[in-house]
Amino acid sequence: TDRIRGGNTRVFFYVGKRIRSYAQQSLNRDKALTDLLSCPPETHYTAVERAIKQNKAAIKSLKSLRRQLVPLVAHELCRQIISSSPSNNGIISVVYHCEDGDGPFASSIGSEIVKLMANSSNGDAALNAEWVAIIASGARTEGGALVIVGLNQDVVANTLTRLMSVV
């Protein structure tokens, strides 16, 4: 049933061939759920509730692990920037791709790199060189987030333009 305007209730019902068709669809759905959930139809609801709770807990755990991973990846990429020599165009480029990452994860890595490189007072020549970090996330075949960071906005914009011309 559905509640509709004016305090009325809409009642759905089946008659004739439609009742058999609906019963067959319900039976097929119950059999499929029984196979998927590995439990009898009487406990489908609780099994789905449990699976949803487990999924939420797994997502929360994954986000926490990603937060812990961000500084480690950022430090490694900064180390690569500092230890690399500029390419032909005078720019140091580092690339990082995380197959199971998402946009916020890539963005957090980019922010952490910029913060580390801006605050670094190592006196290293690489710190004074132009650099850009490209952080990609998502499946290679499906696409995902792409974050390009650097201390020089012109270098970042030029890198973006070059990447867009390739795609």
Side-chain angles (χ1 to χ4, degrees), residues 1-81 84 93-119 131-150 156-157 159-167:
T1 62
D2 278 346
R3 286 232 174 259
I4 55 176
R5 267 185 277 190
N8 296 324
T9 302
R10 182 179 296 150
V11 178
F12 296 100
F13 62 95
Y14 295 97
V15 214
K17 291 180 184 178
R18 282 196 260 165
I19 189 88
R20 274 197 311 248
S21 174
Y22 179 76
Q24 186 63 41
Q25 289 172 358
S26 294
L27 183 61
N28 290 340
R29 191 173 27 254
D30 270 356
K31 286 180 181 178
L33 280 171
T34 299
D35 289 344
L36 279 173
L37 300 173
S38 300
C39 64
E42 299 81 37
T43 59
H44 284 175
Y45 182 80
T46 55
V48 169
E49 272 188 329
R50 185 176 56 248
I52 289 171
K53 285 179 185 175
Q54 289 172 344
N55 187 39
K56 285 180 181 179
I59 289 171
K60 187 176 179 181
S61 176
L62 180 62
K63 284 182 181 180
S64 174
L65 290 171
R66 283 184 180 158
R67 273 193 300 275
Q68 294 173 23
L69 187 61
V70 166
L72 300 173
V73 172
H75 280 313
E76 174 57 23
L77 292 174
C78 287
R79 189 196 60 73
Q80 289 178 23
I81 291 169
S84 297
S93 300
V94 293
V95 178
Y96 177 77
H97 177 256
C98 181
E99 187 90 14
D100 62 347
D102 57 4
F105 178 66
S107 181
S108 296
I109 292 172
S111 297
E112 187 73 14
I113 292 170
V114 169
K115 184 175 77 175
L116 289 170
M117 292 300 288
N119 293 337
W131 61 270
V132 66
I134 302 167
I135 302 107
S137 64
R140 293 180 190 270
T141 57
E142 298 173 14
L146 180 70
V147 176
I148 304 170
V149 295
V156 172
T159 303
L160 176 61
T161 303
R162 286 195 335 238
L163 282 174
M164 288 176 55
S165 68
V166 172
V167 178

Does F105 form a side chain to side chain contact (heavy atoms under 4.5 Å, CB included) with L69? I'd like the steps, not just the answer. CA-CA 9 Å; F105 178 66; L69 187 61; 3.7 Å; yes
Please assess D100 against C98 for the test side chain to side chain contact (heavy atoms under 4.5 Å, CB included), listing each intermediate value before the final yes or no. CA-CA 6 Å; D100 62 347; C98 181; 3.1 Å; yes
When rounded to the nearest 0.5 angstrom, what is the spacing between [atom1] in [X] and [atom2] in [Y]?
| X | Y | atom1 | atom2 | answer |
| --- | --- | --- | --- | --- |
| L72 | L77 | CG | CG | 11.0 Å |
| I81 | L116 | CD1 | CG | 9.5 Å |
| L160 | I148 | CG | CD1 | 4.5 Å |
| L33 | S38 | CG | OG | 11.0 Å |

Is the backbone of [Y] close enough, under 3.5 Å, to the side chain of [X] for a donor and an acceptor to pair up by distance?
| X | Y | value |
| --- | --- | --- |
| H97 | G138 | yes |
| T43 | P40 | yes |
| T161 | A157 | yes |
| N8 | I4 | no |
| S84 | Q80 | yes |

Minimum heavy-atom distance between [X] and [Y], given as atom pair plus value:
| X | Y | answer |
| --- | --- | --- |
| A106 | S137 | CB-OG, 4.1 Å |
| A74 | E112 | CB-CG, 3.3 Å |
| S107 | V147 | N-CG2, 3.8 Å |

From K31, Q25, Q24, residue fulfilling side chain to side chain donor-acceptor pair (under 3.5 Å) relative to N28: Q24
Please determine whether side chain to side chain contact (heavy atoms under 4.5 Å, CB included) holds for the pair I113 and Y96, giving the CA-CA distance in whole Å, both sets of side-chain angles, and the decisive distance to 0.1 Å. CA-CA 12 Å; I113 292 170; Y96 177 77; over 6 Å; no
Holding to salt bridge (charged side-chain N to carboxylate O under 4.0 Å, His left out), I want the full list of residues that pass it with R79, two or more places apart in sequence or in another chain.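 For R79 the salt bridge (charged side-chain N to carboxylate O under 4.0 Å, His left out) partners, ignoring immediate neighbours, are E76.
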Any ring pair (Phe, Tyr, Trp, His ring centres under 6.0 Å) pairs touching residues 33-79, not counting sequence neighbours? none
Sequence neighbours excluded - ring pair (Phe, Tyr, Trp, His ring centres under 6.0 Å) pairs with any residue from residues 3-25: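 Output for this query lists Y14-Y22.
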Are any non-hydrogen side-chain atoms of [X] and [Y] less than 4.5 angstrom apart?
| X | Y | result |
| --- | --- | --- |
| K60 | K63 | no |
| M117 | V149 | no |
| T34 | P41 | yes |

Matching residue for I135 among V94, V95, V73, I109 - test: side-chain contact (heavy atoms from CB on, under 4.5 Å):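 Only match with I135 under side-chain contact (heavy atoms from CB on, under 4.5 Å): I109.
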